[in-house]
Amino acid sequence: MGVYKVRNHFFGTKTHSVIKKYSLSPVTAVAHSNIALIKYWGKRSVEYNLPAVGSISLTLDALHTKTTLQFGETLKEDQLILNDKEATVPALKRVSNFLDMAAGSSDRPKAKIISENNFPTGAGLASSASGFAALALAAGKGLGQSLSDEALSRLARMGSGSAARSIYAGFSEMQLGAKDDGSEDFAIPLHDENYWDVRLLVAVTSDEKKDLSSTEGMMRTAETAPYYGRWVSSHPNDMREMKKAIAEKDFEKTGELTEHSCFKMHGLAMAAKPPILYWNAATTETIHRVWILRKNGIPAYVTIDAGPQVKILCLPEFVEDVEDALSNIDGVRSVIEAKPGPGAYIMETVNETII
Ligand code: PMV
């Protein structure tokens, strides 16, 4: 056990210092990635990372991040190993800032973090979602805080908006808060991973890191896309309809709303100046193949995030048909099949020190 001092801790009307305890033992957390069926795009505050719209997502069993974090009394700087490599300076800075927020101070103990994704990082497969959800959980535990799911989701959101949803299993909703301090901006669970056996097939069309981060993309869109206001104002209706469709297990409606939200978001981003296009040729070809499948009576629907991968929502009995349709597309490198997955959790096995 170690201790650190948080200066300027706000208490009532006065600020003062408080002493906080933290653990010197390693903590390992696992969080699964999630894919938004109703998309989030745009921030009402970049500083607090507050979304401009709510979102609804599905947490996936097949894609996860495993993060081990250990605070050390003798460490001078944070250290981040991402997928077996020393992380880049910007990635380390983002993680260090996040740990400052989690600890409530930059005078916190420094940490070593080892994080691994079982899928390509930063290529539109929601690695920041699973990454920051796992980090929030590991940091909270390492800092000796006992955080509710709501508090964890709020903390994860500060790392990445979509991470707020990866705290939960299955279907979850990122709520749109009204307050400026972000206290109401956290996700809530809708239905767990056993509620509805749907599948999401991920057609990987590139494993390169995207050129434009989602934050930059969102800011440019909000500043320059002429329909941004309509995106924000029409969004609550998409949220309402999607919650109803999922509650009724209406697959067709869920699929239609998923595709609608995806194209609404990408159309909006394409209307930014300069335009934002995350797709490649295989992305477009995959969309058309899925639409041909649908014409032939196979209910399958696409969704795409800030990257070129296409995610196809279907029912278990149609997985083979969708895989067949994807198998001969030039540029589709692999297809990952995912089911609804679990929420974030701590691995309770005794971990060896990593420092
Ligand atoms: O949480 P971020 O900053 O990675 O943004 C996520 C944006 C989308 O993936 C495109 C949509 C979403 O709601 O996940």
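All values derive from a computational prediction rather than experimental measurement. Order of listing sets the numbers, starting from 1, for every ligand and every atom in it.
A ring pair (Phe, Tyr, Trp, His ring centres under 6.0 Å) check over residues 51-110, counting only residues at least two apart or in different chains, returns the pairs Y22-F71, H32-H64, F98-F132. Within the structure, the side-chain hydrogen bond (donor to acceptor under 3.5 Å, both in side chains) test picks out the following pairs touching residues 164-174 (sequence neighbours left out): N34-R165, N34-S166, S55-R165, S57-R165, S57-S172, E173-K243.
There is a side-chain donor-acceptor pair under 3.5 Å between R289 and N328. Between the side chains of E150 and S153, no donor-acceptor pair of N or O atoms lies under 3.5 Å.
The side-chain hydrogen bond (donor to acceptor under 3.5 Å, both in side chains) test applied to S115 returns T67, not counting sequence neighbours.
The ring of Y227 has its center no closer than 6.0 angstrom to the ring center of W41.
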Tabulate distances under 3.5 Å between N/O atoms of ligand 1 and N/O atoms of the protein, writing both atom names on each line.
residue: ligand 1; atom: 1 (O); partner: S160; partner atom: OG; Å: 2.8
residue: ligand 1; atom: 1 (O); partner: G161; partner atom: N; Å: 3.2
residue: ligand 1; atom: 1 (O); partner: S162; partner atom: N; Å: 2.7
residue: ligand 1; atom: 1 (O); partner: S162; partner atom: OG; Å: 2.7
residue: ligand 1; atom: 3 (O); partner: S214; partner atom: OG; Å: 2.9
residue: ligand 1; atom: 4 (O); partner: S128; partner atom: OG; Å: 3.2
residue: ligand 1; atom: 4 (O); partner: S214; partner atom: OG; Å: 3.3
residue: ligand 1; atom: 9 (O); partner: D305; partner atom: OD1; Å: 3.1
residue: ligand 1; atom: 13 (O); partner: Y40; partner atom: N; Å: 3.0
residue: ligand 1; atom: 13 (O); partner: R165; partner atom: NH1; Å: 2.9
residue: ligand 1; atom: 13 (O); partner: R165; partner atom: NH2; Å: 3.3
residue: ligand 1; atom: 14 (O); partner: R165; partner atom: NH2; Å: 2.7

